[in-house]
2 protein chains.
Amino acid sequence: MIRLSTKGRYGTRLMVSLAQHYHNRRESIILKKISDEEEISIRYLEQIIIPLKIARLVKSIRGAGGGYILARDPSNIKLREILLALEGACCLVECVDDEDYCDRIKECATYEIWKNASSLLKDYFENTTLQDLVEIADKKNPSVRK
Amino acid sequence: MIRLSTKGRYGTRLMVSLAQHYHNRRESIILKKISDEEEISIRYLEQIIIPLKIARLVKSIRGAGGGYILARDPSNIKLREILLALEGACCLVECVDDEDYCDRIKECATYEIWKNASSLLKDYFENTTLQDLVEIADKKNPSVRK
DNA sequence: AGAATTCTTATAAATTTATGTTGAAAAATA
DNA sequence: TATTTTTCAACATAAATTTATAAGAATTCT
C-alpha cells in the first residue's frame with residue numbers, strides 16, 4: 001500500500017490537538033493529555049514530537065506547569081510542513097526528491113509517473129493548513145470545546 | 001515519507017518490462033532477463049510476481065521455454081490494477097479503505113484529508129495505463145528495441 | 001534423460017513501530 | 001534558597017513488518 005507511516009498520521013493528529021488547544025486558550029498542553037485523548041502511547045508521542053520541535057513547529061516548556069504549544073498560529077502552518085518534518089520530503093519514491101538516489105532516472109518510465117503523483121499530493125498538502133484541519137474537526141464535533 | 005513500497009515500485013517496473021516485450025513479439029519472457037535488465041534480485045521478483053499472477057494480470061508458463069507474459073493488452077491494464085494487486089487498496093491510510101479499521105473516523109479531522117489525498121492518487125492511477133508507461137519509456141529511450 | 005524454468009519454503013537482515021526505564025531541567029512553593 | 005513536583009529528554013529494548021536472499025522441488029520442453 002502507498003502508506004503514510006504512523007509517524008505521519010499520529011504526528012498530524014498531535015498537531016491538530018495542539019492547534020485546538022492553542023485556539024481556545026494559549027496555554028501549553030502536556031503530552032499525557034493528548035495521549036489520553038487520542039489513545040496513542042505517550043512514549044511514542046514523545047518520539048514523534050522531537051522532529052516537530054526541531055522544525056520549529058512546536059515549542060516545549062519544561063518543568064511544572066510546562067508542556068507543548070504551537071510555535072505559530074494554525075492558519076500559518078501548512079500540512080506539508082508537518083509531513084516534511086515527520087517523514088522527510090513528501091514524495092512517493094526517494095528518486096523524486098533525490099536525483100542521485102538511482103541512476104536509472106534517465107531511462108525509467110515509472111519515474112515520471114511517481115513524480116506526477118507526488119506533485120498532486122504535494123500541492124494538496126501545500127494548500128491545506130492546520131487551521132483547515134481544526135475547522136473540519138469543529139464541524140464534525142460541534143459540541144466539543146477544548 | 002509517504003512511500004510506495006519496493007513491491008509496488010519493482011512490480012510496476014516488472015510490468016513495464018513485460019509490456020515492452022509483449023508489444024514487440026508475443027512471447028513469454030523469463031524473469032532472469034528482467035532481473036538482469038532492471039537489476040532486481042530474481043528471488044525478489046519471484047515473490048513480487050505472485051500477486052500479479054493471482055490478480056490475472058500476468059500468466060506463467062512453466063518448464064523449459066516457459067516464462068511470463070501479460071494476460072491482456074497493455075492498453076487494457078490500468079496502473080491502479082497493478083498497484084491494487086501489489087499493495088492492496090491504493091490509499092494512504094487503512095481507514096480510508098476499511099471503515100472498521102479505526103473507530104475514530106467519525107471524530108477524526110485527518111480522515112477527510114487522507115481520504116481526499118488518496119482520491120487524487122486513485123484517480124491519477126486509474127487514468128494511467130501500462131501502455132502510457134511503455135510510451136514514456138519509448139520516448140525516453142528511442143533506440144532501444146526489446 | 002537432461003536442461004531450463006517456475007514454484008515453494010525457509011530464513012536472514014533491515015526498518016518501522018511501540019514500550020519501559022532512568023535521568024535532567026525547570027518551575028512552584030515553602 | 002532548598003525542596004518537591006512536574007515535565008521533557010535520552011537511552012535501551014522488543015515486537016512486527018518489510019525487504020531480500022538461499023536452496024531445492026516440481027514442471028515442461030527437447
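Letters go in sequence order (proteins before strands), and every chain restarts at 1.
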Check your understanding: For A:K32 and D:dT5, what is the distance between atoms NZ and C1' respectively, to the nearest whole Å?
Key -> 16 Å
Check your understanding: Quick one: does B:Y44's side chain get under 4.5 Å of B:T6's, heavy atoms only?
Key -> yes
Check your understanding: Hey, does the side chain of A:T6 come within less than 4.0 Å of C:dA18's phosphate (OP1/OP2), counting only N and O?
Key -> yes
Review point. How long is the line joining CD1 of A:I61 and P of C:dA26, in whole Å?
Key: 13 Å
Point to revise | Nearest-angstrom distance from the residue atom CZ of B:R62 to P of D:dC29 | key: 12 Å
Check your understanding: What integer distance in Å separates A:I30:CD1 from C:dA27:C1'?
Key -> 15 Å
Study note, to complete from the structure: Separation of D:dT18 atom C1' from B:E87 atom CD, nearest Å, is 11 Å
Review point. Around A:K140, counting heavy atoms of other residues, nucleotides and ligands shown, do more than 12 lie under 6.0 Å from its NZ?
Key: yes
Review point. Quick one: A:K59 NZ to D:dT7 P, roughly how many Å, whole number?
Key: 19 Å
Practice item. Kindly indicate whether the side chain of A:E38, heavy atoms from C-beta on, has any atom under 4.5 Å from the side chain of A:Y10. Key: no
Point to revise | A:S60 side chain near D:dA9 phosphate (N/O to OP1/OP2, under 4.0 Å) | key: yes
Check your understanding: A:D132 side chain to A:T129 main-chain N or O, any donor-acceptor pair under 3.5 Å?
Key -> yes
Check your understanding: So which of A:L121, A:N127, A:T128 actually passes side chain to side chain contact (heavy atoms under 4.5 Å, CB included) with A:Y124?
Key -> A:T128
Check your understanding: Same cluster or not: are A:I42 and A:M15 linked, directly or through other Ile, Leu, Val, Met, Phe, Trp or Tyr residues, by side-chain heavy atoms under 4.5 angstrom apart?
Key -> yes
**Study point:** Interface with DNA chain C, restricted to residues 39-55 of chain A and to heavy atoms under 4.0 Å
**Key:** A:S41, A:R43, A:Y44, A:Q47
Check your understanding: Separation of A:L86 atom CG from C:dT17 atom C1', in whole Å?
Key -> 14 Å
Review point. Does the pair A:E81/A:R72 count as a salt bridge with the N-to-O cut at 4.0 Å?
Key: yes
**Study point:** Spacing between A:I69 atom CD1 and D:dC8 atom P, to the nearest angstrom
**Key:** 13 Å
Hey, what are the protein-to-nucleotides 28-30 of chain C N/O distances that come in under 3.5 Å?
none

